[in-house]
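For the numbers below, each heavy atom of this structure counts, side chains included, while hydrogens, waters and symmetry mates do not.
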Amino acid sequence: MSKIRAEEISSLIKEQIKSYSKQLKTDSVGTVIRVGDGIALVHGLDDAMSGELLEFPNGVFGMVLNLEKDHVGAILLDESTDIIEGDVVKCTGRILQVPVGEELIGRVINPLGLPVDGKGPINAKKTREVERKASGVMARKSVHEPLQTGIKVLDALVPIGRGQRELIIGDRQTGKTSVTIDTFINQKGKDVICIYVAIGQKESTVANVVETLELAGAMDYTIVLTASASQPSPLLFLAPYAGVTMAEEFMYSGKHVLVVYDDLSKHAVAYRELSLLLRRPPGREAYPGDVFYLHSRLLERASKLNDELGGGSITALPIIETQAGDIAAYIPTNVISITDGQIFLQSSLFYSGVRPAIDAGLSVSRVGGAAQTKAIKKVSGSLRLDLASYRELEAFTQFGSDLDDATKASLERGKRTVEVLKQGLHVHLSVAQQSFVLYALGAGYIDSIEVVDIKRFESELYEYLESNKDAKAVASKIQETGQPADKSDMNAIIEAFMKTFV
């Protein structure tokens, strides 16, 4: 019995000796030499890569941002209170990744993809690297599909296309966020996924945005990513990159995504804070020299892919806050030069009751008519010129009393144009509704209506388009095809409506 057991044991030992292979595992480790303000300087990590994840004690992770001669500078992705000088740090060999996919839709998350809405864990099946190279020129297609905002002045004067980068710029409290939230709500039923990235906003502000989207049923296709003002600077720095990474997963699946960065001024400030703490040399307005690259590599990832890659798109609406309307400041001029146009919201217009307070003179879309519905393009042809000449005449004639008839007529038309372009908060208009009201304006039907009655004229016209059989048929055709209706049909419908308008 003992002999058999001894033989079994010896054969087992021989088998193990045969299968034994010598494997040596090495870890690159370093030591914390300074920590504080969300920054850690680590000595001894000779193999560390820029952007690599580092593992600190107590489950805290950091990301390498600086590669110095005798140490590396890392930003901490969690509270740094548990880390002290002398702690051992390990390289992970991994680049920072965030969860992506359908599971994130309808949730409020932080830049690391962790839920902050109290609705339980997110079981995302895929992750993507946060820092990725943007699609090349050959992978792209020209922007040609309109992204309807439902806001008359935008769809008529500053059209946005799928795959475009359109800057929204203006002073605080001029309605920048409201424009983007209304655009989100207008994407209902249009097969567009929306991502709202809140950078440095108050938590109460983000909560209000989420509530507005939920009431409108827009959270069914929206992801809200928040790095609030109370969060450490590294999370504010990572937020927009995490947002566009989540958007890329949908884009490469052939879907259309709309991303709003609210706002990149606070993002630049967070990056300036990190850079100064890492002892990077300050440049203009104390921003580091690579602050242009900070935003260009982010916004360059918004694109319209070609048909071979699925034809998906990311439309980016970055927001920049100006000080006293100064669009010539450092960060505004940087982002203006990166984007495909800007929507400028002016305080003076906002306070005078023109809302949305969009300055048609300074606002421009470099994609322009290529991304505009043909129906709206036809009826809004002279709108920008009319508005510009009205603003000029208004300034010129405010001190004069003796005006000729042509000038008076031009001023009256201008007043009506401004009134027609006003639009209430969370009021969304279809392509057909915009076409009819802008046609009525351009064809002179509104000239005979008092300015105070224009809002009533509009609402009753929209009701008429729903209730009248012939009008509804023409409106439905415009809505479905995006093509302009016959001039005679439009005239007949508006003239028939004018008889009912008292």
Side-chain angles (χ1 to χ4, degrees), residues 131-137 139-144 147 154 157-172 174 176-177 179-180 183 197 199-200 236-237 239-241 243-244 247-248 258-272 274-275 280-304 313-346 358-371 384:
E131 287 282 2
R132 288 177 71 92
K133 199 175 176 183
S135 307
V137 174
R140 300 179 184 228
K141 190 179 181 182
S142 60
V143 175
H144 64 279
L147 185 127
L154 288 186
L157 298 178
V158 199
I160 299 169
R162 290 180 180 180
Q164 191 174 345
R165 298 154 300 179
E166 184 77 13
L167 171 63
I168 298 172
I169 185 167
D171 287 5
R172 65 186 301 274
T174 50
K176 299 186 296 298
T177 303
V179 166
T180 60
T183 305
V197 182
I199 309 161
L236 271 69
F237 162 68
Y241 299 107
V244 78
E248 279 178 336
L258 172 62
V259 188
V260 168
Y261 306 111
D262 191 7
D263 63 84
L264 291 188
S265 306
K266 293 184 180 72
H267 182 234
V269 167
Y271 184 62
R272 175 170 64 183
L274 294 176
S275 298
R280 288 183 178 179
R284 179 176 165 190
E285 293 180 26
Y287 288 103
D290 64 341
V291 74
F292 180 89
Y293 178 59
L294 175 79
H295 290 149
S296 63
R297 77 176 190 265
L298 167 71
L299 295 170
E300 199 57 38
R301 288 164 75 175
S303 64
K304 166 71 180 164
S313 69
I314 295 176
T315 309
L317 296 180
I319 295 176
I320 288 286
E321 186 181 293
T322 54
Q323 306 291 327
D326 183 15
I327 59 172
Y330 187 35
I331 300 301
T333 48
N334 272 354
V335 184
I336 285 170
S337 63
I338 297 164
T339 50
D340 308 314
Q342 69 273 350
I343 296 163
F344 182 64
L345 289 100
Q346 205 171 52
I358 292 161
D359 186 322
L362 290 173
S363 301
V364 64
S365 171
R366 295 188 188 105
V367 173
R384 186 184 288 274

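Side-chain atoms of Val335 and Leu299, non-hydrogen and from C-beta on, do get closer than 4.5 Å to each other. The shortest distance between side-chain heavy atoms of His295 and Pro318 does not fall below 4.5 Å. Ile331 is listed as a side-chain neighbour of Val291, based on a closest heavy-atom distance under 4.5 Å. Between Ile199 and Pro240, some side-chain heavy-atom pair lies under the 4.5 Å cut-off. By the 4.5 Å heavy-atom criterion applied to side chains, Leu157 and Ile358 are not counted as neighbours. Side-chain contact between Ile314 and Arg301: absent, with no pair of heavy atoms (C-beta onward) separated by less than 4.5 Å. Using a 4.5 Å heavy-atom threshold, the side chains of Leu147 and Thr183 count as touching.
Minimum interatomic distance between Glu321 and Ser265 (heavy atoms only, all atoms of both residues): N-OG, 2.9 Å. When every heavy atom of Arg140 is checked against every heavy atom of Ala302, the shortest pair comes out as NH1-O, 3.3 Å. Considering all non-hydrogen atoms of both residues, Val143 and Ala370 come closest at O-CB, 3.9 Å.
Among Arg366, Arg162, Arg165, the single residue meeting the salt bridge (Lys or Arg N to Asp or Glu O under 4.0 Å) criterion with Asp340 is Arg165.
Here OG of Ser303 is found 8.0 Å from CD of Glu248. Values are rounded to the nearest 0.5 Å. Atom OG1 of Thr174 and atom CG of Asp359 lie 11.5 Å apart (nearest 0.5 Å). How far CG of Leu317 is from OH of Tyr261: 9.5 Å, rounded to the nearest 0.5 Å. Here the CD1-CD1 distance, from Ile320 to Ile327, works out to 12.0 Å after rounding to the nearest 0.5 Å. With values rounded to the nearest 0.5 angstrom, Asp171 atom CG is found 7.0 Å from Lys176 atom NZ. Distance check: Thr177 OG1 to Arg172 CZ gives 11.0 Å after rounding to the nearest 0.5 Å.
For Ser275, the side chain to side chain contact (heavy atoms under 4.5 Å, CB included) test picks out Tyr271, Arg280, Pro288, with sequence neighbours left out. Applying the ring-ring contact (aromatic ring centres under 6.0 Å, His included) test to Phe292 and every residue at least two apart in sequence or in another chain returns nothing. Residues forming a ring-ring contact (aromatic ring centres under 6.0 Å, His included) with Phe344 (at least two apart in sequence, or on another chain): none.
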Check: Between Arg297 and Glu131, is a salt bridge (Lys or Arg N to Asp or Glu O under 4.0 Å) present by the stated rule, with each step listed?
Finding: CA-CA 9 Å; Arg297 77 176 190 265; Glu131 287 282 2; 2.9 Å; yes

